[in-house]
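In what follows, a structure is listed as structure tokens, so that the remarks can point back to it.
Here is how names work: the chains are called A, B, and so on, in the same order as the sequence lines, proteins then strands, and each is numbered from 1. Values below: every heavy atom of this structure, side chains too, minus hydrogens, waters and symmetry copies.
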Number of protein chains: 2
Amino acid sequence: MTVDKAALLEARGIKPSAQRVAIADYVLHTDEHPSADEVWARVKRVFPMVSRATVYNTLNLFVAKGLLRHLVLTEGRLVFDSNVDQHHHFIDEETGKIYDLPWDTLEVSRVEQLKGFEVRDYQVLVRGRKRPTRGAR
Amino acid sequence: MTVDKAALLEARGIKPSAQRVAIADYVLHTDEHPSADEVWARVKRVFPMVSRATVYNTLNLFVAKGLLRHLVLTEGRLVFDSNVDQHHHFIDEETGKIYDLPWDTLEVSRVEQLKGFEVRDYQVLVRGRKRPTRGAR
DNA sequence: TCTAATTTTAGACTATGTCTAAGAGGTGAC
DNA sequence: GTCACCTCTTAGACATAGTCTAAAATTAGA
């Protein structure tokens with residue numbers, strides 16, 4: 001897996017240093033929508049020497065290179081999403097957890113007809129409560 | 001106008017102190033989507049002694065009482081919206097400005113059919129560039 | 001007017017993110 | 001292999017946004 005990651009980074013013109021690969025190994029996989037400090041905490045488990053600045057720099061680099069998206073959906077938390085395809089989001093108001101909603105579960109009409117706005121991107125932001133799923137988590 | 005505001009606050013069970021009325025006079029009117037510090041700067045023009053804590057407390061109180069909504073749409077900025085009716089938002093990616101989109105300019109289908117989620121609220125978040133409007137601002 | 005409750009204030013504190021300067025590491029030329 | 005150069009990483013300082021606290025000021029009621 002780590003080898004794949006090095007190749008993946010190089011394909012985007014990113015030198016695959018040990019730190020960057022360790023960060024990629026976690027953040028490009030997860031659907032947890034972690035904040036930068038959560039990524040830092042996680043990566044330190046396998047790479048205790050890694051510095052906070054490196055994690056922040058690397059995450060911003062991944063965003064610039066299209067490997068990640070960053071989202072600002074809840075208070076004081078910039079969060080990273082390894083799903084770079086277009087999709088919507090659901091926010092659980094009790095837990096703060098963010099869930100991806102596949103693009104075609106919802107449909108938005110008339111976006112292209114917005115007068116006076118050049119639309120580059122859009123998503124639906126849904127808030128509420130996730131229902132407990134039998135068995136799962 | 002200030003008189004109306006005092007009555008408006010009392011109707012929501014908020015004691016209309018001079019500070020609170022001064023804050024209400026600005027923030028319940030504007031469509032600028034100001035941050036808390038922008039409200040503070042503005043209110044200080046007419047009420048130089050007002051403290052930062054009071055502005056923050058008052059804004060949070062107004063949100064709790066349903067006079068304002070707060071939005072977290074762009075990085076590091078919690079922003080207040082005097083439009084408490086359901087509506088969508090457009091964010092200009094160059095300027096960071098936020099524009100309200102009336103509820104019925106867009107239509108979202110299948111929200112109520114989301115499996116496993118109890119929906120309390122939703123909106124469409126559109127990003128792009130506002131086209132210059134002849135004459136206006 | 002006196003008392004009690006509420007509100008405001010200044011500043012300390014916390015959390016999140018950025019910047020900087022110095023050092024470490026890798027790579028190519030020789 | 002060694003040197004020089006360039007990039008990356010590091011620790012900590014800094015910046016910004018928001019919350020908390022304790023004391024002072026204000027308000028309302030008896």
Side-chain angles (χ1 to χ4, degrees), chain A residues 5-6 9-10 12-27 32-44 46-65 67-81 96 98, chain B residues 5-7 9-10 12-27 33-44 46-65 67-81 96 98:
Chain A
K5 285 293 156 29
L9 297 188
E10 286 194 309
R12 303 274 180 153
I14 301 171
K15 285 198 185 174
S17 71
Q19 288 90 335
R20 286 169 174 176
V21 171
I23 293 166
D25 264 340
Y26 167 59
V27 82
E32 292 170 351
H33 301 87
S35 69
D37 279 344
E38 284 164 357
V39 175
W40 185 35
R42 184 64 86 101
V43 171
K44 271 197 293 192
V46 298
F47 206 130
M49 297 303 301
V50 75
S51 82
R52 199 157 161 266
T54 295
V55 173
Y56 275 79
N57 288 341
T58 300
L59 291 172
N60 289 338
L61 179 65
F62 287 0
V63 170
K65 298 294 187 180
L67 290 169
L68 285 180
R69 287 189 161 205
H70 65 245
L71 308 172
V72 197
L73 301 181
T74 57
E75 204 155 330
R77 267 168 62 101
L78 178 58
V79 129
F80 295 88
D81 192 342
I98 298 168
Chain B
K5 285 293 154 30
L9 297 187
E10 286 194 308
R12 303 273 180 153
I14 302 171
K15 287 197 185 175
S17 71
Q19 289 89 336
R20 285 169 175 176
V21 171
I23 293 166
D25 263 339
Y26 167 58
V27 81
H33 301 87
S35 69
D37 279 343
E38 284 165 356
V39 174
W40 186 35
R42 184 64 86 103
V43 171
K44 272 195 293 192
V46 298
F47 206 130
M49 297 303 301
V50 74
S51 81
R52 198 157 163 265
T54 295
V55 173
Y56 275 79
N57 288 340
T58 300
L59 290 171
N60 289 337
L61 179 66
F62 286 0
V63 170
K65 297 294 186 179
L67 289 169
L68 285 179
R69 287 187 161 208
H70 64 248
L71 307 171
V72 197
L73 301 180
T74 57
E75 205 155 330
R77 267 170 61 103
L78 177 60
V79 128
F80 295 88
D81 192 342
I98 297 167

Side chain to side chain contact (heavy atoms under 4.5 Å, CB included) assessment of A/Q19 paired with A/T58
CA-CA 9 Å; A/Q19 288 90 335; A/T58 300; 5.8 Å; no
Looking only at side-chain atoms of [X], point me to the closest of [options].
X     : options               : value
A/N60 : D/dA11, C/dT9, C/dT18 : C/dT18
A/S51 : C/dT6, D/dA11, C/dA10 : D/dA11
B/M49 : D/dA17, C/dT9, D/dC8  : C/dT9
B/A36 : D/dT10, D/dT9, D/dG18 : D/dG18
B/R20 : C/dT7, D/dT7, D/dT9   : C/dT7
A/D37 : C/dT16, D/dC8, D/dT10 : C/dT16
B/A53 : C/dA10, D/dC8, C/dG17 : C/dA10

What's the [atom1]-[atom2] distance between [X] and [N], to the nearest Å?
X     : N      : atom1 : atom2 : value
B/H70 : D/dA17 : NE2   : P     : 17 Å
A/N57 : D/dG12 : CG    : P     : 17 Å
A/L59 : D/dT9  : CG    : C1'   : 15 Å
B/L71 : D/dA17 : CG    : P     : 17 Å
B/W40 : C/dG11 : CH2   : C1'   : 11 Å
A/K44 : D/dT10 : NZ    : C1'   : 13 Å
B/E10 : D/dA28 : CD    : P     : 9 Å

It should be established whether A/Q19 places a side-chain nitrogen or oxygen under 4.0 Å from OP1 or OP2 of nucleotide C/dG25.
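No, because none of the side-chain N or O atoms of A/Q19 sits under 4.0 Å from OP1 or OP2 of C/dG25.
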Please determine whether a side-chain nitrogen or oxygen atom of B/Y56 lies at a distance below 4.0 Å from atom OP1 or OP2 of D/dG18.
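It does, given that an N or O in the side chain of B/Y56 lies less than 4.0 Å from OP1 or OP2 of D/dG18.
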Check: A/W40 side chain, A/Y56 main-chain N or O, donor-acceptor pair, under 3.5 Å:
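No: the side chain of A/W40 does not pair with the backbone of A/Y56.
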Residue met sooner reading DNA chain D from 5', once B/K15 and B/L78 are mapped to nucleotides
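With B/K15 and B/L78 compared, the 5'-side residue is B/L78.
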Sugar-phosphate only, base, or nothing, as touched by A/S17 at under 4.0 Å among non-hydrogen atoms:
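Sugar-phosphate: the residue A/S17, judged by heavy atoms under 4.0 Å, touches backbone atoms but no base.
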Touch check for A/R52, heavy atoms < 4.0 angstrom, all strands: base, sugar-phosphate only, or nothing?
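Base, at least one base heavy atom under 4.0 Å.
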Please list, chain by chain and in numerical order, all residues satisfying salt bridge (Lys or Arg N to Asp or Glu O under 4.0 Å) with B/R12, sequence neighbours excluded.
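Checked B/R12 against salt bridge (Lys or Arg N to Asp or Glu O under 4.0 Å); zero matches.
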Go through the steps to decide whether A/L67 and A/L9 satisfy the test side chain to side chain contact (heavy atoms under 4.5 Å, CB included), and finish with yes or no.
CA-CA 9 Å; A/L67 290 169; A/L9 297 188; 3.8 Å; yes
Return yes if a side-chain donor-acceptor contact under 3.5 Å exists between B/E38 and B/Y26, otherwise no.
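No, no side-chain donor-acceptor contact under 3.5 Å.
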